[in-house]
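Everything below concerns the one structure shown next.
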2 protein chains.
Amino acid sequence: MPYGDGMSARARSEERRAEIVRAALEVIAERGYRGASLAAVAERVGLTQQGLLHHFPTKEALLVAVLEERDQWDAVPDTRWRVDLLTSLVEYNAMRPAIIQTFSALLGESVTEGHPAREYFTERYTRVRESMAAVLRTEYGDRLPNGLTPQRTAPLLVAVMDGLQYQWLLDPESVDMPGAFRDFLRLLGEGRD
Amino acid sequence: MPYGDGMSARARSEERRAEIVRAALEVIAERGYRGASLAAVAERVGLTQQGLLHHFPTKEALLVAVLEERDQWDAVPDTRWRVDLLTSLVEYNAMRPAIIQTFSALLGESVTEGHPAREYFTERYTRVRESMAAVLRTEYGDRLPNGLTPQRTAPLLVAVMDGLQYQWLLDPESVDMPGAFRDFLRLLGEGRD
DNA sequence: AACGAAACCTACCGATCTACAGGTAATCGA
DNA sequence: TCGATTACCTGTAGATCGGTAGGTTTCGTT
């Protein structure tokens, strides 16, 4: 029998990598990417820093795995999304501050020169804006207030989601993130039939 | 005659400090606060790292000076602001990517644990939200679309400004920051008389 | 002209960081 | 059962970091 459990070697290895990625998410939330040391991540899964490097050859490789995890995470339906599902997403996010903090910290860092997540976020935003435009079109057609088009509204929708996250992370008591987001959506729904 | 110029010792010292703060703004924009080394800032003003520490005893003291500079910067009128002045501000910002990048990077880092700018941003947002609520009330009274109050709209306004900055910094070609901001304001102006 | 302070500098310390090299024990496939 | 692979470990290199100690030059003041 392999090890004490019923896992194959390959499955165990992937399990280990997933553990490490989870730990990395936590540490990045706490200290950012630049502030996250491999040693801190390793310690959290009971490894030495060099042991961790066996699974991810460089720090950047670990970051890539973290970003891929996120891609997989919100690669949900896409166009099939509805606006009320966005509300649910924001409500769900409000219950998971650690994840939000990780990617808010990464987004902030990513605008600096040569940051390894910069390209990721740039492309992600392009994708998300298109996706949101599709959602808006599905929900409201082209009848948005003030002659706004879904194309032009999408950046606003994304900006509201991100911007609210920072305010909420810094002061959750003072900012009702889901409530504010619903307010914004109601603003869009005004000119509807 | 003191030195080659007509400055007093005190004025020269303040001039030097201002130089250093300017350099720090640049370096933080490029590498974030954690990634900004004192040596890099010092080099930019022709000092050694230890020479810089003569003017600012610790790295954190330098950061405080950077944040104070910003406070002074946007401690403009306040309630006297009008919505169209906000548009001008966004247009002005669109011409100064370095400054925006500095504070977007700092904001991102500030959500991490124990970051020296965390308290600053938390308090700043409280202040700015109140300020924006006052502006909205002055401009639109309480007649905002969908029964929204200025109090509840202010976080959205701030979120839009911040969120657009990230999208714009990452991909200025694809995001018309001032245009999008005007779109948002038009959304608010809809239910007006 | 003498004194004191400001504005630097060189030298250095201890900590921390990513990464490489190489060893070892456990495990798996043939 | 044996050879290879996996999953670690210790040791260490090489760089960089913020900060301290202490000297020296430059300058304003008296």
Side-chain angles (χ1 to χ4, degrees), chain A residues 1-24 27-28 30-66 109 112-117, chain B residues 1-24 27-28 30-66 109 112-117:
Chain A
M1 192 181 296
Y3 289 80
D5 50 34
M7 280 185 180
S8 77
R10 180 152 198 91
R12 260 184 304 105
S13 187
E14 276 180 28
E15 175 75 9
R16 199 64 156 143
R17 282 173 58 99
E19 267 183 66
I20 294 171
V21 168
R22 269 194 301 272
V27 176
I28 292 173
E30 290 166 15
R31 323 269 297 170
Y33 172 69
R34 277 197 174 97
S37 74
L38 294 175
V41 177
E43 193 198 14
R44 223 164 273 222
V45 291
L47 280 179
T48 62
Q49 176 244 353
Q50 296 87 338
L52 187 152
L53 282 175
H54 169 74
H55 295 276
F56 298 93
T58 66
K59 187 181 180 182
E60 197 169 326
L62 177 55
L63 176 62
V64 168
V66 165
E109 279 183 287
T112 61
E113 285 173 18
H115 194 281
Chain B
M1 192 179 295
Y3 290 81
D5 50 33
M7 280 187 179
S8 75
R10 180 150 199 92
R12 260 184 303 105
S13 186
E14 276 180 28
E15 176 74 10
R16 199 61 155 149
R17 283 173 58 100
E19 267 183 66
I20 294 170
V21 168
R22 269 196 299 273
V27 176
I28 292 173
E30 289 165 17
R31 321 268 297 170
Y33 172 68
R34 278 198 175 96
S37 73
L38 294 175
V41 177
E43 193 197 14
R44 222 164 275 223
V45 291
L47 281 179
T48 63
Q49 177 238 2
Q50 295 86 343
L52 187 154
L53 282 174
H54 171 74
H55 295 276
F56 298 93
T58 67
K59 188 181 180 183
E60 197 169 325
L62 177 55
L63 175 62
V64 168
V66 165
E109 279 182 287
T112 61
E113 285 174 16
H115 193 281

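In the text below, chain A, chain B and the rest are named by the order of the sequence lines, each starting its count at 1. Heavy atoms only: backbone and side chains are in, while hydrogens, waters and symmetry mates are out.
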Atom pairs under 3.5 Å, N or O on each side, protein against nucleotides 9-12 of chain C: can you list them with distances?
unit_1	atom_1	unit_2	atom_2	d
C:dC9	OP2	B:Thr48	N	3.1
C:dC9	OP2	B:Thr48	OG1	2.8
C:dA11	N6	B:Gln50	NE2	2.6
C:dC12	N4	B:Gln50	NE2	3.4

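Between atom NE2 of residue B:His54 and atom CD1 of residue B:Ile20 there is a gap of 9.0 Å, rounded to the nearest 0.5 Å. If you take CG on A:Leu62 and NZ on A:Lys59, they are separated by 9.0 Å, rounding to the nearest 0.5 Å.
Atom CZ in B:Arg17 sits roughly 10 Å away from atom P in C:dA7 (whole-Å rounding). With rounding to whole Å, B:Arg34 atom CZ is found 11 Å from C:dC17 atom P. The CD atom of B:Glu14 sits 14 Å away from the C1' atom of C:dA6 (whole-angstrom rounding). We find that CD of B:Glu15 is positioned 15 Å from C1' of C:dA7, with the value rounded to whole Å. Rounded to an integer number of Å, the gap from B:Leu63 CG to D:dC17 P is 17 Å. Atom OH in A:Tyr33 sits about 8 Å away from atom P in C:dT18, given to the nearest Å. In this structure, NZ of A:Lys59 is placed 19 Å from P of D:dA15, rounded to the nearest angstrom. The separation between A:Arg31 atom CZ and C:dT16 atom P is 11 Å, rounded to whole Å.
Using a 4.0 Å cut-off between charged nitrogen and carboxylate oxygen, A:Glu14 and A:Arg17 do not count as a salt-bridge pair. Ionic pairing of B:Arg16 and B:Glu19 is present here: one or more N-O contacts between side-chain nitrogen and carboxylate oxygen are shorter than 4.0 angstrom.
Side-chain contact check for B:Val21 versus B:Phe56: some heavy-atom pair is nearer than 4.5 Å.
In this model, the phosphate group of C:dC8 is not approached by any side-chain N or O of B:His54 to a distance below 4.0 Å at OP1 or OP2. Considering only side-chain N and O atoms, B:Arg12 lies nowhere under 4.0 angstrom from the phosphate OP1 or OP2 of C:dC8. Listed pair A:Arg16 / D:dC8 meets the phosphate criterion, a side-chain N or O lying under 4.0 Å from OP1 or OP2. Between A:His55 and the phosphate of D:dC8, there is a side-chain N or O to OP1/OP2 separation shorter than 4.0 Å. Contact between the side-chain N/O atoms of A:Ser13 and the OP1/OP2 oxygens of D:dA7 is found at a separation under 4.0 Å.
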Quick one: side chains of residues 32-41 of chain B, donor-acceptor pairs under 3.5 Å with protein atoms, not counting sequence neighbours, listed by atom name and distance.
unit_1	atom_1	unit_2	atom_2	d
B:Arg34	NH1	A:Arg31	O	2.9
B:Arg34	NH1	B:Thr112	OG1	3.4
B:Ser37	OG	B:Ala40	N	3.1

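Side-chain proximity of B:Leu53 to C:dA19, D:dG19, C:dA6: nearest is D:dG19.
Scanning residues 37-44 of chain B for heavy-atom distances under 4.0 Å to DNA chain C yields an empty list.
When all heavy atoms of A:Gly51 and A:His55 are compared, the closest pair comes out as O-CD2, 3.6 Å. Heavy atoms only, all atoms of each residue included: B:Leu63 and B:Ile28 are closest at CD1-CD1, 4.5 Å. The shortest non-hydrogen separation linking A:Arg44 to A:Ala23 is CB-CB, 4.0 Å.
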